[in-house]
Amino acid sequence: MAAGLLVVLSGPSGVGKGTVCELLCHYRPSLQISVSLTTRPPRPGEVAGVNYDFTTPDRFKELISQDAFLEWAVVYGHYYGTLKETVDSCLARGRDVLLEIDVQGALQIRRRMPEAVLIFLAPPSMEALCERITGRATEGAEDIKRRLEAAQQEMAAYSHYDYLVVNDKVDKAAASINAIIEAEKCRISRGARPPGWGGEA
Ligand code: 5GP
């Protein structure tokens with residue numbers, strides 16, 4: 001059976017990656033979302049194995065020493081990583097895997113798996129991102145400021161990606177990404193390499 005396609009979706013925090021992922025899974029029920037492992041406590045409503053898998057810092061460090069992650073990162077004092085075993089076994093079974101991850105994580109994955117297809121999800125403008133984050137009203141002014149500063153830096157990374165999708169409307173962005181996945185799968189079935197193969201992040 002042909003190996004599955006690894007699609008890595010990232011972009012500035014607050015741009016709506018999670019919502020776009022949900023829509024994509026609706027378009028493509030065969031798509032497998034990889035679940036990140038984290039040491040932070042679950043937030044209300046978060047479901048283990050759906051939003052994240054939760055673990056202890058000690059167990060996380062043990063996994064790092066076993067090189068069990070595609071990448072790992074410390075974000076706001078918590079460890080995050082994507083279990084390599086989960087992704088590898090899905091790909092080997094021919095399932096396509098969608099990873100939603102931050103920009104640094106995506107660039108690390110590209111170094112380890114050059115065949116991954118990297119899609120950068122960008123807001124139409126910083127003003128639009130600011131409106132989106134402020135509109136959610138779940139964060140204080142300091143957090144919003146910090147997110148926007150981070151977003152400004154993350155936006156500079158888009159040139160390392162295979163595709164840039166502008167997220168002016170989530171359903172339009174999800175449809176564009178669906179078309180990209182379709183095109184990549186055709187390309188692979190013809191034996192051609194995705195654009196990112198061999199590229200340096
Ligand atoms: P949160 O805990 O708010 O869901 O995630 C915090 C940040 O960590 C977000 O920017 C999210 O993209 C990032 N994140 C979540 N899981 C992973 C992961 O497995 N790897 C990396 N590098 N970042 C992650």
Side-chain angles (χ1 to χ4, degrees), residues 6-22 24-25 32-57 59-91 97-113 116-123 126 129-130 132-140 142-158 160-161 165 167 170 173 177 201:
L6 176 61
V7 179
V8 181
L9 180 64
S10 72
S13 70
V15 80
K17 297 186 282 287
T19 316
V20 169
C21 277
E22 272 171 35
L24 266 172
C25 289
Q32 177 90 34
I33 294 206
S34 153
V35 174
S36 288
L37 197 72
T38 176
T39 62
R40 74 161 169 74
R43 297 188 183 119
E46 273 183 345
V47 181
V50 174
N51 303 100
Y52 290 95
D53 277 329
F54 300 93
T55 191
T56 61
R59 175 74 184 129
F60 198 98
K61 281 176 190 152
E62 198 182 314
L63 288 165
I64 291 170
S65 71
Q66 293 164 8
D67 200 17
F69 295 113
L70 274 175
E71 57 87 35
W72 69 274
V74 184
V75 184
Y76 305 150
H78 297 289
Y79 293 95
Y80 289 91
T82 301
L83 277 181
K84 196 169 175 300
E85 195 183 66
T86 315
V87 173
D88 283 348
S89 79
C90 289
L91 295 177
V97 179
L98 179 62
L99 273 183
E100 183 216 328
I101 226 154
D102 66 11
V103 169
Q104 289 312 317
L107 296 179
Q108 280 195 48
I109 287 174
R110 164 49 59 79
R111 280 192 276 275
R112 297 192 49 177
M113 288 183 75
V117 174
L118 258 52
I119 301 177
F120 191 94
L121 190 63
M126 285 306 289
L129 185 63
C130 181
R132 186 189 290 264
I133 297 173
T134 314
R136 290 195 308 210
T138 49
E139 284 158 306
E142 266 309 302
D143 282 338
I144 292 176
K145 189 165 161 265
R146 188 170 58 169
R147 256 183 206 277
L148 290 173
E149 280 165 8
Q152 193 90 54
Q153 288 168 15
E154 287 165 338
M155 289 296 289
Y158 80 90
H160 295 299
Y161 284 67
V165 172
N167 185 19
V170 281
I177 294 170

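Whatever order the structure lists ligands and atoms in, that order sets their numbers, starting from 1.
Residue Ser36 approaches ligand 1 through these ligand atoms, each under 4.0 Å from one of its heavy atoms: 16 (N), 17 (C), 18 (C), 19 (O). Within ligand 1, counting atoms from 1 as listed, the ones closer than 4.0 Å to a heavy atom of Ala73 are 22 (N). Within the listing of ligand 1, atoms 19 (O) sit less than 4.0 angstrom from a heavy atom of Gly81. Taking every heavy atom of Tyr52 and a limit of under 4.0 angstrom, the matching atoms of ligand 1 come to 1 (P), 2 (O), 4 (O), 5 (O), 15 (C), 16 (N). Remark: ligand 1 atoms within the under-4.0 Å shell around heavy atoms of Thr82 are 19 (O).
Inspection of the Tyr161 and Ser10 side chains reveals an N or O donor paired with an N or O acceptor under 3.5 Å. No side-chain donor from either of Arg40 and Tyr76 sits under 3.5 Å from a side-chain acceptor of the other.
Scanning all protein heavy atoms for the shortest distance to atom 15 (C) of ligand 1 gives Tyr80 CD2, 3.4 Å. Distance from atom 7 (C) of ligand 1 to its nearest protein heavy atom, with residue and atom name: Val75 CG1, 3.6 Å.
Between Arg43 and ligand 1, at least one pair of N/O atoms sits closer than 3.5 Å. Note: no N/O pair closer than 3.5 Å links Ser13 and ligand 1 by distance alone.
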### Task
For side-chain contact (heavy atoms from CB on, under 4.5 Å), just list the numbers for Leu9 and Cys21, CA-CA rounded to whole Å, side-chain angles, deciding distance to a tenth of an Å, and then say yes or no.
CA-CA 8 Å; Leu9 180 64; Cys21 277; 3.8 Å; yes
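Other residues, nucleotides and ligands contribute only 12 or fewer heavy atoms inside 6.0 Å of the CD atom of Glu85. Crowding of Glu142 atom CD: a count of heavy atoms from other residues, nucleotides or ligands under 6.0 Å not exceeding 12.
Contacts with ligand 1 closer than 4.0 Å are made by side-chain heavy atoms of Arg40 only, the backbone lying farther away. Under 4.0 Å from ligand 1, the heavy atoms of Glu71 that appear belong solely to its side chain. Under 4.0 Å from ligand 1, heavy atoms of Asp102 appear from its side chain as well as its backbone.
For atom 21 (C) of ligand 1, the nearest protein heavy atom lies closer than 4.0 Å.
Between Thr86 and Val35, every side-chain heavy-atom pair lies at or beyond the 4.5 Å cut-off.
Counting only distance, with no hydrogens or angles, the side chain of Arg132 and the backbone of Gly16 share no donor-acceptor pair below 3.5 Å. Counting only distance, with no hydrogens or angles, the side chain of Asp102 and the backbone of Gly11 share no donor-acceptor pair below 3.5 Å.
Put simply, the residue from Phe54, Phe60, Phe69 that forms a ring pair (Phe, Tyr, Trp, His ring centres under 6.0 Å) with Tyr79 is Phe60.
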